[in-house]
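Reading through the structure tokens given below for one structure.
In what follows, every chain begins at residue 1, and chains take the letters A, B, ... in the order their sequences are listed.
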2 protein chains.
Amino acid sequence: MNKKRPTDGELEILRVLWARGRSTVREVLGELDRDSGYTTVLKLMQIMTEKGLVEREKQGSTHTYWAAASQEATQRHLVRDLLDRAFPGSAQRLVLQALAERPAEPQELAEIRKLLDEQEGGEPA
Amino acid sequence: MNKKRPTDGELEILRVLWARGRSTVREVLGELDRDSGYTTVLKLMQIMTEKGLVEREKQGSTHTYWAAASQEATQRHLVRDLLDRAFPGSAQRLVLQALAERPAEPQELAEIRKLLDEQEGGEPA
DNA sequence: GCCAACCTACGAAGACTTTCGTTGATGTTA
DNA sequence: TAACATCAACGAAAGTCTTCGTAGGTTGGC
């Protein structure tokens, strides 16, 4: 039951875990943008374990970590959270600004259109 | 030059200020969802003044506050920030999840389509 | 067996956020 | 003017996040 969104540091670590899959602390450390010390990353990942954001398994003397929730599920939470906090009313503005910020590929545009069509088709309230 | 995103409490206050326009602390307090005490909201707004998130003007013994940045500009920052932190690569996922979360009105869909068309029209790299 | 390298765990420090009690100033009203 | 309400300013407390030093256990090579 995790209500709160991950912190910035936690999210960076999750991104590495999603990209790499199961990883040790040292492997995560190597991929991080920020240059934190080893014990800093270790501590974060220990806390994330307590929070249930990651899970781990002992192999020899080393722990292997992986993200407890999928990237998609986490993104869904983050989007919902941002909509609630900053985009009262509709999602339209968020969509427009996201697309303006990072123009999408033709193939992506097609997928977005597909979803628009479905919504236009309209489910009754 | 404000790099960091507003905290949750600050964002709530900003939302009230965007909706109401110029407001006193007590007016903001009355509109807030969370039930904070008067001095709590006052303190937050004082800190926001120091940070440059809001501006204020003394009228008699009371201060009138307003948001320093527009809602749109702030939303733009928040979207960019979220894209950077959690949506590596493309904005497509964010768009799809936002629309799934909060289906848009036909008129909004039309506007989104318009932007898609413009992007498809395609600016050459 | 012993040493060096690596790993985990723990705790504490500093920064930030949110909370509110207290104090003193200002304004209103009887 | 005196009493009362309202306001701003200040500081402290509690919680969280990030950082890292230190200590102790494990592993592998020689």
Side-chain angles (χ1 to χ4, degrees), chain A residues 1-17 20 22-66 74 77-78 81-82 85-86, chain B residues 1-17 20 22-66 74 77-78 81-82 85-86:
Chain A
M1 306 300 149
N2 227 324
K3 286 244 148 104
K4 287 189 54 187
R5 55 186 182 281
T7 67
D8 286 0
E10 291 168 348
L11 192 50
E12 276 196 55
I13 289 172
L14 286 176
R15 275 174 54 188
V16 174
L17 291 177
R20 286 190 41 94
R22 292 171 153 251
S23 308
T24 64
V25 173
R26 188 155 300 279
E27 287 165 344
V28 169
L29 178 64
E31 299 269 338
L32 281 183
D33 285 337
R34 74 169 70 186
D35 50 339
S36 308
Y38 177 88
T39 51
T40 300
V41 177
L42 169 65
K43 179 69 160 185
L44 278 179
M45 292 174 76
Q46 286 172 342
I47 292 175
M48 291 170 76
T49 304
E50 291 170 19
K51 290 185 181 175
L53 289 173
V54 300
E55 298 176 17
R56 69 180 185 181
E57 204 177 56
K58 193 163 197 172
Q59 289 182 338
S61 72
T62 306
H63 281 126
T64 300
Y65 291 79
W66 61 94
T74 303
H77 280 133
L78 290 172
D81 179 79
L82 184 61
R85 285 187 301 122
Chain B
M1 305 310 139
N2 226 323
K3 285 244 149 108
K4 285 192 53 188
R5 54 186 182 281
T7 67
D8 286 1
E10 290 169 348
L11 192 50
E12 277 196 53
I13 290 173
L14 286 176
R15 277 175 52 187
V16 173
L17 291 178
R20 285 189 43 93
R22 292 171 153 250
S23 307
T24 65
V25 172
R26 187 155 302 278
E27 287 164 344
V28 170
L29 177 65
E31 298 269 339
L32 281 182
D33 286 337
R34 73 170 71 185
D35 49 339
S36 306
Y38 176 88
T39 50
T40 300
V41 177
L42 169 65
K43 180 68 162 185
L44 278 180
M45 291 174 76
Q46 285 172 341
I47 293 174
M48 292 169 76
T49 304
E50 291 170 18
K51 291 184 181 177
L53 288 173
V54 300
E55 298 176 17
R56 68 181 187 182
E57 203 176 56
K58 192 162 197 172
Q59 289 181 339
S61 71
T62 306
H63 281 128
T64 300
Y65 292 78
W66 61 94
T74 304
H77 280 132
L78 290 172
D81 180 78
L82 184 61
R85 284 187 302 121

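- A straight line from CD of Gln59(B) to C1' of dA8(D) spans 15 Å, rounded to a whole angstrom.
- The phosphate of dC7(D) has neither OP1 nor OP2 within less than 4.0 Å of any side-chain N or O from His63(B).
- Look at Thr7(B) and you'll find a side-chain N or O under 4.0 angstrom from OP1 or OP2 of dT18(C).
- For dG21(C), the base has no donor-acceptor partner in the side chain of Lys43(B) [N/O atoms by modelled type, under 3.5 angstrom].
- Picking from dA9(D), dT19(D), dT18(C) the nucleotide with the shortest atom distance to the side chain of Ile47(B) gives dT18(C).
- Across all strands, Ser36(A) comes closer than 4.0 Å only to sugar-phosphate atoms, never to a base (heavy-atom distances).
- Closest to the side chain of Asp8(B), out of dG27(C), dA9(D), dT18(C), is dT18(C).
- Here CG of Leu11(A) is found 10.0 Å from CG of Leu53(A). Values are rounded to the nearest 0.5 Å.
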Practice task
Applying side-chain contact (heavy atoms from CB on, under 4.5 Å), run through Met48(B) and Leu14(B) and close with a yes or a no.
Solution key: CA-CA 10 Å; Met48(B) 292 169 76; Leu14(B) 286 176; 3.7 Å; yes
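- Contact annotation: Tyr38(A) reaches the phosphate of dT8(C) (side-chain N/O to OP1 or OP2, under 4.0 Å).
- Within the 4.5 Å cutoff, the side chain of Arg56(A) has heavy atoms near those of the Gln46(A) side chain.
- Relative to the side chain of Arg34(A), the nucleotides dA8(D), dC6(C), dT18(D) differ in distance, and dT18(D) lies closest.
- Among the nucleotides dC17(D), dT26(D), dC20(C), the one closest to the side chain of Thr40(B) is dC20(C).
- The side chain of Lys4(A) has dT16(D) as its nearest neighbour among dT16(D), dT18(D), dA9(D).
- Contact annotation: Arg5(B) does not reach the phosphate of dC16(C) (side-chain N/O to OP1 or OP2, under 4.0 Å).
- As a whole-Å value, the separation of Lys51(B) NZ from dA15(C) C1' is 12 Å.
- Contact annotation: Gln46(A) reaches the phosphate of dA9(C) (side-chain N/O to OP1 or OP2, under 4.0 Å).
- Take the nearest nucleotide of DNA chain C for Thr39(B) and for Thr24(A): the residue whose nucleotide is more 5' is Thr24(A).
- When distances are taken from the side chain of Ser61(A) to each of dT17(C), dC7(C), dT26(C), the shortest belongs to dC7(C).
- Judged by closest nucleotide on DNA chain D, Arg26(B) is the one of Leu44(A) and Arg26(B) placed further toward the 5' end.
- Within the 4.5 Å cutoff, no side-chain heavy atoms of Lys51(A) are placed close to those of Lys4(A).
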